[in-house]
Undergrad: 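Mind looking over this structure? Questions follow.
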Amino acid sequence: MKKYKITDIIEDEFGCEGRPEGEEPMVTILLVDDTGKPRSIRMADKLAYEKKLDIGAEMELPEEEIMTLNGKEYKVKKLLGKGKGGYSYLVTDGEKEYVLKQIHHEPCSYYQFGNKLEAEKRDYKRLMEIGITMPKLLDIDETQERILKEYIPGDTVYQQVEKDALPEICLQQVKEMCTKLYAAHTNIDYFPTNFILWQNVLYYVDYECNAYMEEWNFENWGIKYWSKTKEFLEYEQTH
């Protein structure tokens with residue numbers, strides 16, 4: 001067992017649609033170990049209350065975290081990141097590495113969600129039809145709201161911008177994506193954490209897409225974060 005300190009407890013938020021009937025209220029608990037390494041777990045709100053869990057309290061958890069998806073176990077290697085819709089973990093089944101995304105229902109001040117799991121499936125299908133290069137969607141656990149995706153290794157575009165090492169081919173290929181997207185009246189999330197260059201191919205590693213709006217296209221919004229602009233540096237300082 002390993003000790004962790006709770007840094008935040010976030011209640012699910014379902015917006016206008018409300019919590020689905022019969023679904024148990026859940027919370028996301030954010031933790032760090034003594035080295036500052038982050039971890040998160042999902043827990044029933046009632047159980048968290050019964051355990052008297054609060055910010056600053058300590059928890060003991062198994063050192064080797066295991067997540068299941070449709071009954072199959074995956075060992076968690078690390079948390080890759082948190083987005084508007086979920087937490088993405090690098091996991092392994094002992095033979096291959098994957099990305100396992102746990103949908104969350106945490107509040108987001110600038111974006112309104114419906115059914116996040118359905119949106120993931122719908123958006124993946126739409127972007128595949130448009131011809132956007134993405135990691136393959138491999139499996140879905142409807143009950144636990146988990147998605148298994150192909151793992152694309154390498155630095156994100158954001159990390160490459162930080163290092164002043166963004167290859168020109170990334171800008172060329174995202175503009176090629178835009179040509180396809182705009183013709184289909186669609187935008188994706190152009191923030192650079194959502195893109196990875198692997199073997200000279202640029203992957204959009206998220207599945208989110210929305211109806212096209214000029215103010216949120218790559219030229220008017222996304223490109224502001226693909227180099228060390230004022231906007232990029234301000235974001236870097238606050239995250």
Side-chain angles (χ1 to χ4, degrees), residues 13 15 79-90 99-137 140 145-152 154-162 166 169-198 201-236 238-239:
E13 186 175 280
L79 174 66
L80 292 171
K82 174 195 172 188
K84 299 188 292 294
Y87 290 85
S88 292
Y89 299 90
L90 176 62
V99 173
L100 194 155
K101 182 173 182 178
Q102 171 67 65
I103 301 296
H104 67 60
H105 298 283
E106 299 168 15
C108 181
S109 60
Y110 58 90
Y111 198 91
Q112 294 299 312
F113 290 97
N115 184 311
K116 291 184 179 180
L117 197 62
E118 288 301 318
E120 291 272 351
K121 293 190 286 185
R122 181 184 65 244
D123 290 351
Y124 176 76
K125 182 174 183 292
R126 177 163 178 74
L127 292 179
M128 287 295 289
E129 290 170 349
I130 292 171
I132 302 305
T133 305
M134 300 178 294
K136 294 174 184 174
L137 175 58
I140 298 173
E145 294 188 297
R146 292 176 176 174
I147 294 171
L148 191 70
K149 301 162 63 171
E150 179 185 11
Y151 174 55
I152 307 300
D155 286 344
T156 65
V157 165
Y158 184 92
Q159 291 168 320
Q160 291 185 326
V161 171
E162 281 187 308
L166 183 68
I169 192 174
C170 289
L171 285 167
Q172 293 170 1
Q173 291 191 30
V174 76
K175 289 175 182 177
E176 290 170 5
M177 287 186 186
C178 289
T179 299
K180 296 177 181 179
L181 289 161
Y182 299 169
H185 309 290
T186 302
N187 271 333
I188 55 178
D189 186 345
Y190 299 105
F191 199 71
T193 54
N194 294 321
F195 296 84
I196 292 175
L197 184 70
W198 174 242
V201 176
L202 187 67
Y203 288 80
Y204 177 54
V205 295
D206 197 7
Y207 294 156
E208 180 191 331
C209 66
N210 295 282
Y212 179 82
M213 293 178 65
E214 188 173 355
E215 64 181 307
W216 296 110
N217 69 14
F218 181 72
E219 292 78 10
N220 289 320
W221 182 76
I223 199 168
K224 294 177 182 178
Y225 298 93
W226 283 55
S227 61
K228 285 188 174 174
T229 59
K230 174 174 68 73
E231 289 85 356
F232 181 95
L233 295 174
E234 286 176 355
Y235 178 89
E236 191 176 36
T238 55
H239 290 76

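For the single chain, residues carry numbers from 1 onward in sequence order. Side chains are part of it too, since the values below use all heavy atoms of this structure and drop only hydrogens, waters and symmetry mates.
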Undergrad: Suppose we call two aromatic rings close when their centres sit under 6.0 Å apart. Are Tyr212 and Tyr182 close by that rule?
TA: yes
Undergrad: Provide the full list of salt bridge (charged side-chain N to carboxylate O under 4.0 Å, His left out) pairs with a residue in residues 173-183, sequence neighbours left out, each pair given once.
TA: none
Undergrad: What heavy-atom pair brings Glu236 and Glu162 nearest, and what distance separates the two atoms?
TA: OE2-OE2, 3.0 Å
Undergrad: Is it the case that the ring center of Trp226 lies less than 6.0 angstrom away from the ring center of Phe218?
TA: yes
Undergrad: Can you find a pair of side-chain heavy atoms, one from Leu181 and one from Ile130, that are under 4.5 Å apart?
TA: yes
Undergrad: Pairing donors with acceptors under 3.5 angstrom, does anything connect the side chains of Tyr203 and Glu150?
TA: no
Undergrad: Please tell me if the side chains of Tyr151 and Leu100 come closer than 4.5 Å, counting only heavy atoms from C-beta onward.
TA: no
Undergrad: Which pair of heavy atoms, one from Thr133 and one from Leu202, lies closest together, and at what distance?
TA: CB-O, 3.7 Å
Undergrad: Of the non-hydrogen atoms in Ile152 and Pro135, which two are nearest, and what is the gap between them?
TA: CG1-CB, 3.9 Å
Undergrad: Which heavy atom of Ile188 sits nearest to which heavy atom of Leu127, and what is that distance?
TA: CG2-CD2, 3.8 Å
Undergrad: From Asp155 CG over to Leu166 CG, what is the distance, rounded to the nearest 0.5 angstrom?
TA: 11.0 Å
Undergrad: Would you call Ile223 and Val174 a side-chain contact if the rule is heavy atoms closer than 4.5 Å?
TA: no
Undergrad: For Leu233, is there any backbone N or O sitting under 3.5 Å from a side-chain donor or acceptor partner on Lys228?
TA: no
Undergrad: Is there a donor-acceptor pair under 3.5 Å between the side chain of Gln159 and the backbone N or O of Thr156?
TA: yes
Undergrad: Does some side-chain heavy atom of Glu120 sit less than 4.5 Å from a side-chain heavy atom of Ile103?
TA: yes
Undergrad: Is Lys149 close enough and on-axis enough to Tyr207, meaning under 6.0 Å and within 45°, for cation-pi?
TA: yes
Undergrad: Report yes if the side chains of Glu214 and Trp221 come closer than 4.5 Å at any heavy-atom pair, otherwise no.
TA: no
Undergrad: Would you name the heavy atoms of Thr186 and Arg126 that are closest together and state the gap between them?
TA: OG1-NH2, 2.7 Å
Undergrad: Can you tell me how far the OH atom of Tyr190 sits from the CD atom of Glu208, to the nearest 0.5 Å?
TA: 11.0 Å
Undergrad: Take atom NZ of Lys125 as the centre, draw a 6.0 Å sphere, and report whether it contains more than 12 heavy atoms from other residues, nucleotides or ligands.
TA: no
Undergrad: From Leu148 CG over to Lys101 NZ, what is the distance, rounded to the nearest 0.5 angstrom?
TA: 13.0 Å
Undergrad: I'd like to know if the side chain of Ser88 and the backbone of Leu80 have a donor-acceptor N/O pair within less than 3.5 Å.
TA: no
Undergrad: Check whether any side-chain heavy atom of Asp206 sits under 4.5 Å from a side-chain heavy atom of Thr193, and report yes or no.
TA: no
Undergrad: Looking at every non-hydrogen atom in both residues, tell me the closest pair between Gly83 and His104 and how far apart they are.
TA: O-NE2, 2.9 Å
Undergrad: So does Cys209 get a backbone contact from the side chain of Asp123, meaning a donor-acceptor N/O pair under 3.5 Å?
TA: yes
Undergrad: Does Glu118 have more than 12 heavy atoms from other residues, nucleotides or ligands lying within 6.0 Å of its CD?
TA: yes
Undergrad: Taking the six-membered ring for Trp and the single ring otherwise, decide whether the centroids of Phe232 and Tyr158 are under 6.0 Å apart.
TA: yes
Undergrad: Quick one: pull up CG in Leu117 and CZ in Arg122 and give me the separation to the nearest 0.5 Å.
TA: 11.0 Å
Undergrad: Between Phe195 and Tyr204, what is the ring plane arrangement, given parallel below 30°, perpendicular above 60°, and tilted in between?
TA: tilted
